[in-house]
Amino acid sequence: MIEQITALYDKNLSCPHCQAAFSSKRVRSGSLSMLKRDSDFCTYFKEQALNPILYTVNVCPSCGFAFTDLFDERLAPGQKKLVSELISAKWTPKELGGIRSLPAAVAAYKLAIYAAELTDQVHSVKAGLYLRLAWLYRFTANAAEERRFLQIAVHEYEQSYIHSDYTRGEKEMSEVRILYLIGDLMRRIEQYDKAIQYFSHALEFRNRTIETGILQMAQDQWAQAREEYKEKKKQPQVAMIS
Ligand SMILES: [Zn+2]
């Protein structure tokens with residue numbers, strides 16, 4: 001508990017929907033020790049209960065509008081009306097800005113995803129929410145729910161790539177990085193042909209990018225996807241015998 005008290009601080013926020021002032025916990029940068037990072041950038045810390053992704057979503061206690069720092073700062077009048085009718089009218093005021101368990105973080109992400117869909121946030125913002133929700137399920141070894149949200153995340157990242165809105169989401173997202181990430185998510189949902197296409201696309205940046213770490217990962221995961229594809233083809237098809 002002492003670790004949580006020193007690593008967390010309260011960030012003051014203003015709700016983009018009802019303008020209420022409230023605070024939400026954030027993790028102080030540099031206070032955690034990283035253990036490992038998966039090929040899709042899911043990061044594990046020695047203090048997993050303080051993984052910053054648990055604290056990415058802000059939930060307004062007054063109106064129930066949930067958002068991240070990447071959401072548009074203003075809502076259009078039509079969007080405000082939708083939020084009022086479909087979220088706030090059904091909301092019982094409650095405080096979700098304190099210390100969060102995994103289930104509480106899952107609940108916060110689901111609220112933010114609903115709010116992002118209603119208010120038409122850019123694909124990259126929605127993709128990031130779906131991907132992190134999948135990671136929360138990975139942390140609890142819930143493979144079915146992880147896969148369900150990875151599938152939606154990869155669809156949103158593809159849309160983000162097509163519409164070139166990925167530069168409006170996470171700061172460090174570049175063209176080669178999003179191509180690599182789509183490839184890796186496709187591999188994880190066993191869409192191997194698409195995975196290989198996206199990795200090959202990323203590798204075309206060989207002489208054009210300084211992100212050599214990503215190129216190496218694309219090379220490795222491309223090889224892995226080809227192996228997994230071969231293995232999958234070898235497996236005998238299970239006949240349905242009734
Ligand atoms: Zn609000």
Side-chain angles (χ1 to χ4, degrees), residues 1 4-29 31-32 49-137 139-140 145 148-149 152-153 155-157 159-160 163 165-173:
M1 283 312 273
Q4 286 187 329
I5 288 160
T6 52
L8 294 172
Y9 67 96
D10 290 305
K11 178 165 180 174
N12 293 321
L13 299 151
S14 157
C15 174
H17 175 239
C18 74
Q19 275 72 51
F22 67 100
S23 73
S24 196
K25 296 279 183 210
R26 283 285 192 286
V27 181
R28 239 178 264 286
S29 59
S31 57
L32 306 178
L50 289 169
N51 194 311
I53 70 163
L54 270 65
Y55 293 96
T56 308
V57 172
N58 315 307
V59 185
C60 173
S62 312
C63 76
F65 185 70
F67 58 101
T68 69
D69 299 346
L70 299 174
F71 272 45
D72 291 329
E73 278 171 29
R74 282 171 200 280
L75 300 183
Q79 295 171 338
K80 280 204 173 202
K81 192 166 173 277
L82 277 176
V83 172
S84 296
E85 289 169 4
L86 297 170
I87 297 178
S88 307
K90 301 169 186 169
W91 181 252
T92 318
K94 57 178 163 279
E95 188 56 66
L96 293 172
I99 290 174
R100 274 185 193 154
S101 61
L102 268 175
V106 165
Y109 272 84
K110 287 185 175 172
L111 289 170
I113 284 169
Y114 186 45
E117 296 287 357
L118 277 186
T119 59
D120 208 16
Q121 302 296 317
V122 292
H123 295 290
S124 59
V125 169
K126 290 191 272 186
L129 288 170
Y130 284 114
L131 180 58
R132 281 161 187 77
L133 181 56
W135 291 346
L136 294 179
Y137 283 115
F139 293 160
T140 55
E145 286 297 88
R148 179 178 155 215
F149 289 109
I152 313 177
H155 171 75
E156 287 295 340
Y157 276 119
Q159 291 300 310
S160 173
H163 296 281
D165 70 25
Y166 53 92
T167 50
R168 291 179 54 198
E170 286 141 69
K171 289 191 284 293
E172 73 273 25
M173 194 61 85

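Keep in mind the model is a prediction, meaning the values are calculated, not measured. One-based numbering along the sequence shown. Every number for a ligand or one of its atoms is a count from 1 in the order of the listing.
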Just distance, no hydrogens or angles: give the donor-acceptor pairs under 3.5 Å from side chains in residues 62-69, sequence neighbours left out.
from: Thr68; atom 1: OG1; to: Leu70; atom 2: N; distance (Å): 3.1
from: Asp69; atom 1: OD1; to: Arg26; atom 2: NH2; distance (Å): 3.1
from: Asp69; atom 1: OD2; to: Arg26; atom 2: NH2; distance (Å): 3.3

Indicate every side-chain donor-acceptor pair of residues 122-134 with a distance under 3.5 Å to a residue at least two apart or in another chain.
from: His123; atom 1: ND1; to: Glu156; atom 2: OE1; distance (Å): 2.7
from: Ser124; atom 1: OG; to: Asp165; atom 2: O; distance (Å): 3.2
from: Lys126; atom 1: NZ; to: Glu117; atom 2: OE1; distance (Å): 3.4
from: Tyr130; atom 1: OH; to: Glu117; atom 2: OE2; distance (Å): 2.7
from: Arg132; atom 1: NH1; to: Gly128; atom 2: O; distance (Å): 3.0
from: Arg132; atom 1: NH2; to: Glu170; atom 2: OE1; distance (Å): 3.1

Is Gln19 atom CD crowded by more than 12 heavy atoms from other residues, nucleotides or ligands, each under 6.0 Å away?
yes
Listed by chain and number, what are the salt bridge (Lys or Arg N to Asp or Glu O under 4.0 Å) partners of Lys80, not counting sequence neighbours?
none
Distance filter < 2.8 Å from the Zn ion (ligand 1), protein N/O/S hits 4
Rounded at 0.5 Å granularity, tell me how far SG in Cys60 sits from CG in Leu111.
11.5 Å
Any side-chain donor near an acceptor of the partner, His17 and Ser84, under 3.5 Å:
yes
